[in-house]
Amino acid sequence: MTELLTPEEAAKTEVVERPTRHRELTLSWRVRARRVVKSIVLIVVGIMMIYPLLWMLASSFKPDALIFSEPGLIASEFTAENYSRGWNVLTDPFSHYLMNSFIVVAGAVLGNLVSCSLAAYAFARLNFRFRRLWFAVMLMSIMLPIHVIIVPQYVLFSELGWLNTFLPLIVPKFLATDAFFVFLMVQFFRGVPKELSEAARIDGAGHGRIFLRIMLPLAVPALAATAIFTFIWTWNDFFSQLIFLTDPELYTVPIALQTFLDSTGQSSWGAMFAMSIVSLIPLFLVFLLGQRYLVRGIATTGLK
Amino acid sequence: MAVTSELSKLSKTGRSATKSPSERADGKAAAVFLLPWFVGLGLIVVGPLLASLYLSFTNYDLFSDPVFAGLENYQRLFQDSRLIQSLAVTFTYVFVSVPLQLAAALGLAMVLDKGVRGLALYRSVFYLPSLLGASVAIAILWRQLFGTNGLINQMIEWFNGIQPLIQIGTQGWVSHPDYALGTLIILNVWTFGSPMVIFLAGLRQVPEMYYEAASLDGASKFRKFRSITFPMLTPIIFFNLVLQIINAFQTFTQAFIVSGGTGGPSDSTLFYTLYLYQEGFGNFNMGYASAMAWLLLIIIGAMTAINFFASKYWVFYDD
């Protein structure tokens with residue numbers, strides 16, 4: 001309102017406005033009430049979701065007897081003994097299994113980054129025969145369950161003498177068998193402006209150079225998402241590690257935990273929870289550090 | 001946006017037929033860039049796929065040569081009561097847990113979408129279980145939560161103690177044939193965070209003007225959901241549905257850990273992949289396991305095909 005009002009008019013508008021303001025007030029009460037209800041629902045659901053995890057963390061510091069009698073988070077007795085006991089319960093200290101898992105994860109991450117980005121560049125930027133057909137094959141291979149090919153893979157790796165090595169878990173990653181990441185990077189590369197690579201072409205750069213100097217630096221978010229998801233999936237992977245690793249020296253964290261569960265049964269929940277917590281810490285750290293890339297990665301491709 | 005829409009796109013448009021000199025030059029470069037993928041596709045994926053088809057017609061124990069057995073393995077499939085049980089377990093799990101999981105994901109995504117303070121925190125809290133859910137550690141936790149002296153029973157006893165009206169019986173949930181599968185369904189629903197994040201991203205893409213226009217026409221909240229939100233989200237619901245069904249069919253770790261590798265009690269958690277593992281790597285019936293693998297492939301392929309076919313009737317593509 002730019003015009004000046006006479007006092008009379010001003011009085012009129014005030015009279016007219018008062019009921020509206022009143023309605024706004026009640027409306028905002030309703031909105032506020034709804035907001036409170038919504039917050040309560042979210043907080044209750046959130047606590048239900050997270051309570052088992054917090055409880056496991058709390059229980060890992062409780063003596064065994066209290067795990068079964070005190071459902072609360074704060075125990076009457078606090079002990080770190082579960083951790084020292086769990087750490088040494090198997091043939092090797094738990095650090096040995098953590099190290100094995102880290103080796104497998106590092107190999108898988110490196111393999112996926114290299115091989116999937118190479119394949120993705122070809123699908124996103126190169127013209128070649130039957131490109132659409134190969135692309136469709138790649139998409140379909142994403143949906144192929146590993147259980148369908150695990151038996152011949154096992155035969156193949158045993159012929160090669162690779163059973164009880166980390167090779168069956170690492171080498172396939174260098175061959176872009178996790179096609180989901182090829183797809184993720186294709187999506188990303190398609191978004192890079194073509195002018196950039198065309199300018200480089202005119203300057204005489206080949207595809208290798210364009211890939212290394214232009215695409216990869218620009219694709220850091222996609223590479224980060226690939227690294228993070230490969231880390232999480234490989235760290236959690238149980239099925240293939242269970243099949244390819246039977247030598248206790250080579251056990252990774254999931255297999256070590258399973259062996260622990262088998263060998264002690266119900267008798268030492270505290271120690272088992274302690275080692276379970278230890279096994280989740282790397283995941284949790286990756287989650288905290290990489291959350292930004294994680295959310296974007298899920299949102300663009302629907303990774304789990 | 002995602003694999004499913006890429007696949008539908010591929011089937012729609014034709015291939016451009018022109019071939020220029022630069023295309024031939026690209027062909028050489030493409031061969032180099034795709035070399036690792038081609039090797040992997042041949043040796044790790046398609047080769048084993050065909051080999052398992054061959055092995056499915058043989059008896060093979062890994063130590064002696066495969067012996068051709070014709071359709072014997074496939075005939076056995078239809079007479080094997082444990083196989084039928086494992087199919088029943090897996091289908092029950094898929095058809096109960098996937099809809100519940102997606103409903104929870106969609107519901108919470110809609111609550112979070114309409115402007116909530118602390119969105120990032122809620123999103124993290126709801127997403128965290130999806131991240132950890134497939135781990136052995138969480139399966140171990142589940143086994144304790146739903147055990148005889150587990151947290152759930154402690155909670156039930158506490159609840160029974162504070163009020164006299166509703167008294168709930170306690171159980172060893174994971175050791176009771178009627179309930180063990182239910183605990184695993186709950187575990188899958190618990191991991192609704194990742195479809196929720198996808199739904200949230202989808203809700204962000206619905207143009208605000210549709211809602212404004214609907215408000216002007218006096219549409220109710222339910223009407224807006226039914227006529228705007230739901231149709232606009234159908235491609236994403238479809239994508240989540242396909243993905244989660246395929247994932248759920250392959251559930252292994254949780255069932256293995258919770259049942260100690262047996263699929264018990266009374267085969268009530270004998271998931272298909274767990275039975276496949278037992279036959280292949282426990283009994284070394286590699287031929288039979290291969291036949292099982294192909295049946296799994298056919299089932300998953302058929303489910304996906306049905307999904308794609310049915311999508312014509314309910315999935316709405318804006319473009």
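Below, read A as the first sequence line, B as the second, and so on, with proteins coming before strands; counting in each chain starts at 1.
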Counting heavy-atom pairs under 4.5 Å to chain A, which of V125(B), V39(B), I44(B) comes out on top?
I44(B)

Taking Q154(B) for its side chain and I67(A) for its backbone only, find out whether a donor-acceptor pair lies under 3.5 Å.
yes

Which one wins on heavy-atom pair count under 4.5 Å against chain B: G46(A), S39(A), A179(A)?
G46(A)

One should read off an interatomic distance between I149(A) CD1 and L50(B) CG, to the nearest 0.5 angstrom, of 11.0 Å

Could you check which of G47(B), S124(B), G260(B), A51(B) has the highest count of heavy-atom pairs closer than 4.5 Å to chain A?
S124(B)

Heavy-atom pair count under 4.5 Å with chain B, highest-scoring of F174(A), Y154(A), Y51(A)
Y154(A)

To the nearest 0.5 Å, atom CD1 of I140(B) lies from atom OG of S279(A) at 7.5 Å

Residue F239(A) versus chain B: region with a heavy atom under 4.5 Å
both

Residues passing the salt bridge (charged side-chain N to carboxylate O under 4.0 Å, His left out) test with D113(B), sequence neighbours excluded, are R204(B)

Give the member of F284(A), W134(A), F273(A) that has the highest number of heavy-atom pairs under 4.5 Å with chain B.
W134(A)

For W190(B) and M49(A), indicate whether the former's side chain and the latter's backbone hold a donor-acceptor pair under 3.5 Å.
yes

Please state whether the side chain, the backbone, both or neither of M275(A) comes within less than 4.5 Å of a heavy atom of chain B.
neither

Okay, L42(A) and chain B: the region with an atom under 4.5 Å from a heavy atom over there is both

Given that the side chain runs from C-beta out, which part of Y122(B) has a heavy atom under 4.5 Å from chain A: side chain, backbone, both or neither?
side chain

Which atoms of I43(A) come close to chain B, meaning under 4.5 Å heavy atom to heavy atom: side chain ones, backbone ones, both, or neither?
both

Take the angle between the ring planes of F211(A) and F33(B) and call it parallel below 30°, perpendicular above 60°, tilted in between.
perpendicular

Proximal to chain B - members of residues 117-125 of chain A, heavy-atom separation under 4.5 Å
L118(A), A119(A), Y121(A), A122(A), F123(A), R125(A)

Applying a strict 4.5 Å limit to non-hydrogen atoms, the region of L297(B) in contact with chain A is both

Residue V45(A) versus chain B: region with a heavy atom under 4.5 Å:
both

Report yes or no: does Q258(A) contribute a side-chain atom to a donor-acceptor pair with the main-chain N or O of I257(B) at less than 3.5 Å?
no

Less than 4.5 Å to any heavy atom of chain B: does that hold for the side chain of L283(A), its backbone, both, or neither?
both

Between Y272(B) and chain A, with a heavy-atom cut-off of 4.5 Å, which part of the residue counts as in contact: side chain, backbone, both or neither?
neither

With only heavy atoms counted, which part of F256(B) is less than 4.5 Å from chain A, the side chain, the backbone, both or neither?
side chain

If I take atom CG from residue L257(A) and atom OG from residue S135(B), how far apart are they, to the nearest 0.5 angstrom?
8.5 Å

Quick check on M155(B) against chain A: is it the side chain, the backbone, both or neither that has a heavy atom closer than 4.5 Å?
side chain

Closest heavy-atom pair and its distance - A289(B), V151(A)
CB-CG2, 4.1 Å

